[in-house]
Structure formats: structure tokens, C-alpha cells
Amino acid sequence: MAEPTREKPGPRTAKPRSPLARTVLKVTAVAIVAVALLWSALFVDLLRKRSDAAAGSPSAPTGQVAGPDRGQPAPASEPLTTRTS
Amino acid sequence: LTVPGAEHDHSFDVFGTRVRVLLVSGSSSAARLDALRVQALLQTVHRTLTRFAADSELSRLNARTGEEVAVSPMLLRAVQAALWAAQLSDGLVDPTVLRDLERAGYATSRARRMPAALADAIAAAPARRPAAPRSTQEWATIEVDTQRRTIRVPAGVRLDLGGSAKGLAVDLAAGLLSNNASFAIDAGGDIRIGAASPCERLVHISHPLEEEVVHSFAVFQGAVATSGLRTRVWRNGGGFAHHLIDPARGTPAWTGVIQATALAPTTLEAETLAKTALLRGLHAGRQVLAPHGGALILDDGELICVGGLDAVRPRPVHAG
């Protein structure tokens with residue numbers, strides 16, 4: 001009696017995902033990225049508020065706080081020049 | 001001369017010039033926000049009032065002379081400011097000289113154009129004489145209805161709001177900053193200084209020929225403005241022209257004064273007084289500047305301080 005032949009296992013292939021599953025995956029990925037960005041923004045904001053609180057305190061040294069637009073300290077009461085414009 | 005706290009320093013370009021906002025606030029975030037609000041306001045004013053853009057509200061008003069035109073609160077206020085300046089100067093600072101300005105060669109912006117050499121223009125200038133107002137006083141016939149918010153400019157007349165618009169804009173911006181510990185707005189030499197807790201600030205006058213500081217003084221609160229020929233002078237045919245028109249003659253004014261600096265409670269008033277003093281010439285110009293203080297520079301380079309400039313403190317005013 002012939003032995004029943006065993007079927008050789010073929011190469012495993014991933015089942016194609018349904019459109020619904022693909023959409024769920026995409027939405028999940030986007031949500032994870034958004035939450036990560038939100039937490040980063042909140043963390044940076046918290047750091048900035050602490051920095052501002054320190055700069056606004058009465059003991060903050062005069063003329064030492066960086067001017068955000070130039071990234072350099074702006075000296076207190078800087079003279080101005082009037083000229084023909 | 002110290003301010004108790006560090007200054008936030010914010011610069012940007014508008015009105016064809018560099019504007020700088022310096023302010024001390026409780027927090028750097030609040031200072032930055034206020035500076036950006038000033039920038040947004042000045043850019044809005046510029047977009048509304050420039051004559052160099054065909055789609056600005058001023059250009060649209062100029063295209064409908066003789067008609068009653070509904071206008072925005074900003075344009076209404078700017079025209080009122082220009083008429084106030086004309087009245088203060090007895091018609092010398094005249095918003096209706098646009099046709100003469102264009103005829104002299106100032107039809108498009110000169111913001112990024114190299115001016116002619118002022119010394120050459122002075123050497124070639126005609127006989128010096130004080131400017132005079134137009135006998136027709138067309139500015140006085142402009143109808144402004146504040147209730148209905150309309151303006152009617154006489155047929156054939158077009159407006160250039162120029163310096164008065166810039167002065168008004170700086171004063172409006174000062175209104176946004178009045179709660180800060182201290183602030184200064186420098187719009188290309190038109191300066192407004194104020195504070196919730198006033199302090200002194202050093203102001204330098206730059207010489208138009210030597211381009212170096214020729215005088216310095218302290219200002220407690222108020223405005224400083226300078227009017228002159230240095231940056232808006234150009235070759236025109238065989239001679240030279242500039243942007244300060246003698247209304248009576250319809251040509252650039254050569255009065256012997258090449259730069260006038262005026263102090264006043266507001267930038268609009270300082271701007272008006274400076275231009276009036278330059279147009280009137282040395283003798284009458286001194287009288288114009290005397291009440292608040294100022295300085296004249298003559299075409300031989302001489303500096304004349306008026307009204308005890310060293311000790312001047314323009315009286316405090318509420319911004320806005």
C-alpha cells in the first residue's frame with residue numbers, strides 16, 4: 001500500500017490585508033505620530049514657561065536675556081538713531 | 001540711562017524702511033508676541049496706505065476722485081491725520097502734492113534705489129527760499145464723513161499720505177505696547193518712546209552729509225522724527241530732485257535746510273513739525289521746533305539745536 005504522500009509546506013505568504021485593515025493601520029500610525037508631536041510640543045512649552053518665569057523674576061540680571069529674534073542678548077536701553085528715512 | 005530688565009529686540013522691513021521694536025516686558029514670550037503684533041499692525045497700515053500698489057485702498061480711493069467713497073476705519077483715520085498735519089503746518093505738509101511728486105520723478109517706490117549724492121544735489125540746487133502753501137488749499141476741500149465713514153477727494157486731486165501715515169502707524173503701534181515696562185519703536189528714524197514706568201533713552205542724530213552721529217540727547221517719553229533729503233534725492237534731467245515738495249511752486253523745496261529733527265508728544269506731530277521746519281527754512285523753522293525742541297542741519301553742514309534740546313522732555317501722553 002502506497003504511503004500517502006505528504007504535501008511539502010510551500011513558502012509562507014502574508015495574507016493580503018483587507019482595505020479596512022489597511023485603513024485602521026494607517027490611522028493608528030498617524031495617531032501615534034500626532035501624540036508624539038503633541039507631547040514634544042507640550043514639553044518644549046513647559047521648558048519655555050520655566051525659562052520665562054526665571055527671566056521675569058526680579059533677580060534676573062539686566063541685559064542678559066537673549067533677544068529671541070537675533071539669538072543674542074540685547075543690552076538694556078539701547079540708544080536709537082534718528083535720521084532721514 | 002538704564003532700563004530695569006532686558007530688552008526684546010525685533011526688526012522687520014515695512015514703509016520702505018527698517019523698523020525696530022525694543023521692549024521690556026514681564027516675560028520674553030509676551031514681549032515677542034507684542035513685537036509681532038506691532039509688525040502685523042504696521043504691515044496692515046502699509047498695505048492699506050501705500051500709493052505704490054495699485055490694489056491698496058489708498059490707490060483705489062485715488063482712482064475715484066470726485067466721488068464719495070466708503071473707506072475702512074484705517075484709511076479714514078489716516079486721511080484725518082494727514083489733514084490734521086496740513087492744518088498744523090498751515091498747508092505746508094500737503095497730502096495733495098502727489099501730482100507734483102510724480103512730475104519730479106517720484107512715481108514709484110525708491111526704497112531699494114541708491115540715492116544721488118546729497119552734496120552734488122546741494123551744489124547744483126537753485127537759490128534757497130522758504131516753501132509756501134498753495135493758495136488753492138485743495139486739502140481743505142477734502143470731505144471726511146466720520147459717521148458714514150466716507151471720503152470725497154476733489155476731482156483731479158490724488159493723495160499721498162507718506163510721512164503722516166508712518167507717524168500715525170507708529171503712534172497706533174505705541175498704543176499696543178503701552179502696558180510694557182518700557183518700549184521704543186524706531187521706524188527708519190521716526191521714534192516713539194514710552195513706558196508704564198518711564199525711563200530715559202539716549203537718541204542720536206545722524207548727520208546727512210557725514211553720516212555720523214552729530215548730536216545726542218536723552219528722551220524720557222514721547223516722539224522724535226527726522227525729515228530730510230538724504231535718502232530720497234535723485235537726478236532729474238539736468239539737475240536733482242527730492243521728495244519734499246514746495247506746495248506753492250509744485251517743485252522740490254530748496255530752503256537751505258537739508259534735515260530737520262523734531263521732538264513732540266506723538267510721532268505724527270514730530271513728523272509734521274520736522275517736515276514743516278525743513279520747508280520753512282532756517283529762521284521760521286527754528287520757531288516751528290522751539291516749543292518741543294529739535295535740530296536743523298543746514299546745507300553747509302552746520303547743526304543748529306533749538307529749544308534746549310539737551311534738556312528736552314516731551315510731555316507724557318497716553319498712546320493711541
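Computed from heavy atoms alone, side chains included, the values below leave out hydrogens, waters and symmetry copies. Letters go in sequence order (proteins before strands), and every chain restarts at 1.
With a threshold of 4.5 angstrom between heavy atoms, B:I205 approaches chain A through its backbone and through its side chain. The contact between B:S227 and chain A is made entirely by backbone atoms, counting heavy-atom distances below 4.5 Å. Residue contact with chain A, scored on non-hydrogen atoms closer than 4.5 Å, is absent for B:A31.
Remark: side-chain polar atoms of B:S206 are not paired, donor with acceptor, to backbone N or O of A:T82 under 3.5 angstrom. With hydrogens and angles disregarded, no donor-acceptor distance shorter than 3.5 Å links the side chain of A:R83 to the backbone of B:P208.
To the nearest 0.5 Å, atoms CG (B:D190) and CG (A:L80) are separated by 12.0 Å. Atom CG in B:L244 sits 8.5 Å away from atom OG1 in A:T84 (nearest 0.5 Å). One finds the CZ atom of B:R20 at 9.0 Å from the OG1 atom of A:T81 (value rounded to the nearest 0.5 Å).
The choice from B:Q259, B:H207, B:R18 that makes the most heavy-atom pairs within less than 4.5 Å of chain A is B:Q259.
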